[in-house]
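The chains referred to below are lettered A, B, ... by the order of the sequence lines, with proteins before strands, and numbering in each begins at 1. Computed over heavy atoms, backbone and side chain alike; hydrogens, waters and symmetry mates excluded.
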Protein chains: 2
Amino acid sequence: MSAAVDTPPGQSRYGALAGALRSRIVGGDWPPGHALPAEQQLAAEHGVALGTMRRALELLAEQGLVERVHGRGTFVKQGLAGAPMLRFFRFGGSEGEAPRSRILARDVLAPPADVAQALAAPGPALRLKRLRSLGGQPVLYEESWLPLPLFQPLADGDTAGWGDLLYPLFAARCGVHVHRAVDTIGFVPLPAAAARALKLASGHPGARVQRRAHDLAGRCVECRTSLGDAHAFQYTVSIT
Amino acid sequence: MSAAVDTPPGQSRYGALAGALRSRIVGGDWPPGHALPAEQQLAAEHGVALGTMRRALELLAEQGLVERVHGRGTFVKQGLAGAPMLRFFRFGGSEGEAPRSRILARDVLAPPADVAQALAAPGPALRLKRLRSLGGQPVLYEESWLPLPLFQPLADGDTAGWGDLLYPLFAARCGVHVHRAVDTIGFVPLPAAAARALKLASGHPGARVQRRAHDLAGRCVECRTSLGDAHAFQYTVSIT
DNA sequence: AAGTGGTCTAGACCACATC
DNA sequence: ATGTGGTCTAGACCACTTG
């Protein structure tokens, strides 16, 4: 297809190559989990030295768009498997146990303004309310907003077979792969509904995690608010 | 000095080189802020190709041990300049203002067990209590433990000229450069002393940040606990 | 102008995974 | 045995910073 790369204006050659590959990836030329052509072949196709193409691929790997496996190949990254939401909390005793999830409600309605803006989708959206438990104890109360043409498959049908994780469900039913997420941590008194579900007093100190999840192309595909007992909250961050 | 590198057992050549350079850096051959020899010279000294030495230096840069500046050279990283503690909080109005710091107390006494273990220094330590303010309003109550042979210069003399940041002080008076820090976030009711200093009610919801600061060699040089109003807490983390 | 790191090349060889 | 990515080399040339 592409012969030699055009003149890179303010960019390095490998930077331009990475951009070109990026476009083909988000465009769906190589779907998540699939292998890219070999370095040799890509280098030849683009009329560039092997080392230069390697630099480009390493750049994409740093950006988390691609995964390189020695001896096997270069693969488009799968979406985030599980939602590692409980990494923010430390609940006594139930270490290593698989968290369970139960759908409390599913509605289609107009989202609040900030959510609507983030989703960049006008009109109604799908709202899910979930209760997540560890060792039988409810620990997290979650509310998710999902843009609607995209998540229509989740608006109908039974929720029984959904399992405990949302992201694999998104991938299987809607072809949505969550690639990046931004969590904002805050502190709020628990609202009544959340407190009731968590078996705590209304107004009990709550830790709130607001998540914006994005797909490969950078579009916001989920707005989530998670609430848990503030006293169980613990998170470690390393700075340099 | 060193000619060719010995056989790297399970490691790559550039990995071994990076390790060797790392040792010389933490050993003080090139103090923080100083330049390393040029790539060319280092490559020649170690009997290795230029590209290989570059790989090693890039590795050190990734690890934050060194900083590379195009056209100028490769420099040993300075310690963390300011203590970016307020990045965890969002206080209304006072954006961009310089935070002020006031020493409330300075004592030499035996630290609690966990601090003693972290500092790996037996015997008494230096304890500082600080109050940090923004726009005249107290916002953070802090307690720091510092190992004592090392920080003796801070145990005596006037605290008037200390300024608002501790880390530059550590560097200037004690030759301690904080290179890495690990913060653990939690929510706790404010103890009486902290609440009083922050002009809040005792038991008011508090955000607690426990910090372990380390120098270039990896030794823990500070144990700090910071307390602030939980309602002002806000932190964003991006996951991939 | 001289010295530094950044980019690119063309090739050899090694280590790992798979058939 | 084949194909993949990982390491290493030796050299050319470019871009940035400083005297």
- Note on the structure: Note: contacts of residues 59-72 of chain B with DNA chain C (heavy atom, under 4.0 Å) are B/R68, B/V69, B/H70, B/G71, B/R72

Can you check the [X] [atom1] to [N] [atom2] distance for me, whole Å?
| X | N | atom1 | atom2 | result |
| --- | --- | --- | --- | --- |
| A/M53 | D/dT4 | CE | P | 14 Å |
| B/Q40 | C/dG6 | CD | P | 13 Å |
| A/H46 | C/dT9 | NE2 | P | 13 Å |
| B/Q41 | C/dA2 | CD | C1' | 15 Å |
| B/E39 | D/dG11 | CD | P | 16 Å |
| A/Q11 | C/dG6 | CD | C1' | 14 Å |
| A/F75 | D/dT4 | CZ | C1' | 9 Å |
| A/L36 | D/dG3 | CG | C1' | 16 Å |

- Message: Once you apply a heavy-atom cut-off of 4.0 Å, does B/R54 come out as touching a base, just sugar-phosphate, or nothing?
- Response: base

Got [X] and [Y] here, is their nearest side-chain heavy-atom distance under 4.5 Å?
| X | Y | answer |
| --- | --- | --- |
| B/F170 | B/L154 | yes |
| A/L59 | A/L17 | no |
| B/Y167 | B/Q78 | no |

- Along DNA chain C (nearest heavy atom to each residue), the more 5'-positioned of A/L50 and A/G15: A/G15

Could you give the side-chain donor-acceptor pairs of residues 60-74 of chain B under 3.5 Å, partners two or more places apart or in another chain?
residue : atom : partner : partner atom : Å
B/Q63   : OE1  : B/R22   : NH1          : 2.8
B/R68   : NE   : B/T74   : OG1          : 3.4
B/R68   : NH2  : B/E39   : OE2          : 2.4

- Item | Selected nucleotide, minimal atom distance to B/A38 side chain, candidates C/dT9, C/dT4, D/dA10 | C/dT4

Please check the phosphate of [N] (OP1 and OP2 only) for any side-chain N or O of [X] closer than 4.0 Å.
| X | N | result |
| --- | --- | --- |
| B/Y14 | D/dT7 | yes |
| B/T74 | C/dG5 | yes |
| B/S12 | D/dG6 | no |
| A/R55 | C/dT7 | yes |

- Just one of B/R87, B/R224, B/R208, B/R212 clears the salt bridge (charged side-chain N to carboxylate O under 4.0 Å, His left out) bar with B/D183, so which one? B/R87

